[in-house]
Protein chains: 2
Amino acid sequence: MPRSKDESTRTLILKACRRLLEAGPGQAVRMSDVAKAAGVSRQAVYLHFPKRADLLVETARHIDAEEDVDARLAPSRAAKDGLSRLDLYIEAWGNYIPVVMPTARALIAMSDTDEDARAAWDNRMAAMRHGCEAAVRALKNDGRLTPELEADRATDLLWSLLSVDHWDNLVGRCGWSQPDYIAQIQRLARAALVKPAPQARTPRITSL
Amino acid sequence: MPRSKDESTRTLILKACRRLLEAGPGQAVRMSDVAKAAGVSRQAVYLHFPKRADLLVETARHIDAEEDVDARLAPSRAAKDGLSRLDLYIEAWGNYIPVVMPTARALIAMSDTDEDARAAWDNRMAAMRHGCEAAVRALKNDGRLTPELEADRATDLLWSLLSVDHWDNLVGRCGWSQPDYIAQIQRLARAALVKPAPQARTPRITSL
DNA sequence: GGCGGACTTGACACCGTGTCAAGCGTTTCC
DNA sequence: GGAAACGCTTGACACGGTGTCAAGTCCGCC
């Protein structure tokens, strides 16, 4: 099934697509552009990806595989307490956003018109939400979830704080650095979701 | 310049455009659709709005005028202390979002390809940011801005919390009610930006 | 009466997506 | 060795939506 060399035409196209999306913020990235960049005919692209939406969806998957998104999220899953799980999840996902961002934007733009693109994107967002849900649950188990919020409300909030739009607003438009973004979202999430630690036995005023 | 009746063709078109945008979430709203809905020829639309981007931009302005956005924002400007200014600004803008949302979405979608649409939308966002800036400044003057944040950082954060994406995530996707959304954003903004009141003279533990 | 402005009608160019058909060069398998 | 199968190329075309153009119609109004 490969053409001849070690790289199949399919992955050649996916890599070209990714490269184009990452290169030009505000670029069109038409099917013909991808074909040209992959050094392949326009029809070859359609041969592997019948619709443009398919190409974008598969590009996103390809990035997930190349960047090993699972490995990135593993530390948060292994966290011992709710608070560190929250922090680690924010760190992992927050640092993954810039990686998928270009493809995400293209996919979101298609979602307005294309049903498949919408479904694919919703799916990704649902997966991300599960991570938020797990973090909130861990927090709740530790008795550290703020009493002002139901678990699902807290999940919604965290999910929205970690949305790619939010990242784009702060990093893309406001010019925040990536570490600043991570730190501020962690601070924000704590402020919004976490209640102060039950200061156990000895009632001392601690400033942390 | 009016055609004959009390309503000029121009406003007829703008109203039709608004109606269509509000009617169909996920609808295309092509130039021909607007023309049909306004009971006018497609070319009449182009006569008043040379490009589709122009039509959308003017529709947004038209909504601002019809809904008197300035009057809505007046209370926050009149607020006496920073904290209430923050709350009132969130309430005013947060309640305005659903009004402009449909048009906003169309404008944002165009921003990917159309430079004018992008500029127009950026402009609106800049105006909204000024409101955030004012609220943060008022907070700072009261000595209630959290020491963890510079004023411009705080403005960025508030601005992003009040973005239409955020509203769309929480209300549109998560199904929050409008009052819930307002209350939670207010809570979130306080948690993120406001430091506890300097408990003046008498050091009593207050739970508010 | 005739002028000018607002609008209509119908045609057309352009661009990007998606489709189709025929052809070409390798590989594979009998 | 020959034929079928496969992966890809070439070139054409339909479609839908935007934007343009030119001619024509219907007004009110000086």
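In the text below, chain A, chain B and the rest are named by the order of the sequence lines, each starting its count at 1. Small disclaimer: the values here were computed from a predicted structure and weren't measured.
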What is the distance, rounded to the nearest whole Å, between atom [atom1] of [X] and atom [atom2] of [N]?
| X | N | atom1 | atom2 | answer |
| --- | --- | --- | --- | --- |
| A:D33 | C:dC15 | CG | C1' | 12 Å |
| B:L55 | D:dG17 | CG | P | 16 Å |
| B:R10 | C:dG5 | CZ | P | 19 Å |
| B:K51 | C:dC15 | NZ | P | 13 Å |
| A:I13 | D:dG7 | CD1 | C1' | 11 Å |
| A:R30 | D:dG17 | CZ | P | 20 Å |
| B:R52 | D:dG16 | CZ | C1' | 14 Å |

Would you call [X] and [Y] a salt bridge, taking side-chain N to carboxylate O under 4.0 Å as the test?
| X | Y | value |
| --- | --- | --- |
| B:E148 | B:K195 | no |
| A:R105 | A:D168 | yes |
| B:E58 | B:R61 | yes |
| A:R173 | B:D122 | yes |
| B:R124 | B:D64 | yes |

Do A:L86 and A:Q186 come close enough that some side-chain heavy atom pair is under 4.5 Å? no

List the steps, then state whether side chain to side chain donor-acceptor pair (under 3.5 Å) holds for B:W176 with A:D156. CA-CA 9 Å; B:W176 289 21; A:D156 291 344; 2.8 Å; yes

Within residues 106-114 of chain A, residues whose heavy atoms come under 4.0 Å of DNA chain C: none

Please list residues of residues 41-48 of chain B whose heavy atoms come under 4.0 Å from any atom in DNA chain C, ordered by number; otherwise none.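 Those residues whose heavy atoms fall under 4.0 Å from DNA chain C, taken from residues 41-48 of chain B in numerical order, are B:S41, B:R42, B:Q43, B:A44, B:L47, B:H48.
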
Under a 3.5 Å distance rule, please check whether B:R18 uses its side chain to pair with a backbone N or O of B:T59 as donor and acceptor.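 Checking the backbone N and O of B:T59 against the side chain of B:R18, no donor-acceptor pair under 3.5 Å is found.
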
